[in-house]
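Within every chain, numbering begins at 1; the chains are lettered A, B, ... in the order of the sequence lines, protein sequences first and strands thereafter. For clarity, every value in this text was computed on a predicted model and none was experimentally measured.
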Protein chains: 2
Amino acid sequence: MRIGELASRTGVSVRSLRYYEEQGLLASTRSASGQRHYTDDEVERVTFIQRLYAAGLSSRTIAEVLPCVDAPGEDNSDAALERMARERDRLSAHIADLVRTRDALDELMAANRAYRAELRASLAG
Amino acid sequence: MRIGELASRTGVSVRSLRYYEEQGLLASTRSASGQRHYTDDEVERVTFIQRLYAAGLSSRTIAEVLPCVDAPGEDNSDAALERMARERDRLSAHIADLVRTRDALDELMAANRAYRAELRASLAG
DNA sequence: CTTGCCTCTGACATCCATGTGAGCTTTTAG
DNA sequence: CTAAAAGCTCACATGGATGTCAGAGGCAAG
């Protein structure tokens, strides 16, 4: 498929797909006229890349991690696997932090609602 | 306390503290000479602001939400409470997404390790 | 062939929290 | 009193993913 279709299938802009290629995250074969062509597998790859971006990884870090997806168990993915483990832990810590923040928001909202209820009660009483 | 102390207590740069004030997230009283002074409460406030930044809120959004922290139950915090509820849900969805990503990383790492173990076994056998 | 849409490269623009530096004043320590 | 450290304002820089525009070429349908 060409880049436009990959874009619409993944919900990622054409601009971003070219950027991913520039960053070494995504490969494409070129037609004689120079147009990029992709296989169906790239759809999954792009959504995974998006997932990693959403998890706070930078292009550089994603590039370090991806070899371990491409070539599982290869020697040259040793570093990738290690990096992935590190990022996994970072992500886990981040999740824990976000959960604490969500809890704080829940408490704040509960406090507000309680305050309001009390206010209404005192007005009614 | 002055801005430097607030900075070192919260781990937030002096620059950022001034920025927070500019964005209406943080107030300070000024000494005769114009220096900012803060109470101990601001420490907690700043760390909460940082927490919200980490949760992906922008300054503008944080500013919309904070009134509900300052004046619980006031009429003018109606919108703030609603906004907070929306952000809370957004955050919750984001957390769920990150958990899925973490799971994906765990699976990938497990697959890699299995692949390696298999490789070693076949070499040994 | 032509019209319209897609793609190409390259470059500049944007957002936003934060860094950084200049030039000047205030505070604090010796 | 003096020098170092800290504060002030203003303004420009940065990074990183993405938007956008320009100019040119590719390709399918009428």
* Once you round it to whole Å, what is the distance between P of D:dA17 and CG of A:Leu57? -> 10 Å
* Hey, are A:Glu22 and A:Arg18 close enough for a salt bridge, meaning a charged N less than 4.0 Å from a carboxylate O? -> no
* Closer than 4.0 Å, any side-chain N/O of A:Tyr20 to the OP1 or OP2 of D:dA17? -> no
* Asked: When all nucleic acid strands are considered with a 4.0 Å heavy-atom cut-off, which category describes A:Arg18: base, sugar-phosphate, or nothing?
  -> base
* Do the charged groups of A:Arg86 and A:Asp89 touch, with an N to O distance under 4.0 Å? -> no
* Interatomic spacing from CZ in A:Arg51 to CZ in B:Arg102 - rounded to 0.5 Å -> 13.0 Å
* Asked: Touch check for B:Ser59, heavy atoms < 4.0 angstrom, all strands: base, sugar-phosphate only, or nothing?
  -> sugar-phosphate
* Asked: What is the nucleic acid contact for A:Gln23, judged by heavy atoms within less than 4.0 Å: base, sugar-phosphate only, or nothing?
  -> nothing
* Closer than 4.0 Å, any side-chain N/O of B:Arg36 to the OP1 or OP2 of D:dG7? -> no
* To do: May I ask you to verify if any side-chain N or O of B:Ser13 is less than 4.0 angstrom from the OP1 or OP2 atom of C:dG19?
  => yes
* Candidate nucleotides C:dT18, D:dA17, D:dG25, ranked by approach to the side chain of A:Gln35 - the nearest -> D:dG25
* Mind running side chain to side chain donor-acceptor pair (under 3.5 Å) on A:Gln35 and A:Arg2 for me, showing each step along the way? => CA-CA 7 Å; A:Gln35 298 200 339; A:Arg2 287 187 299 168; 3.1 Å; yes
* Length of the CZ-P vector between A:Arg15 and D:dC21, whole Å -> 14 Å
* How long is the line joining CG of B:Leu25 and P of C:dT18, in whole Å? -> 10 Å
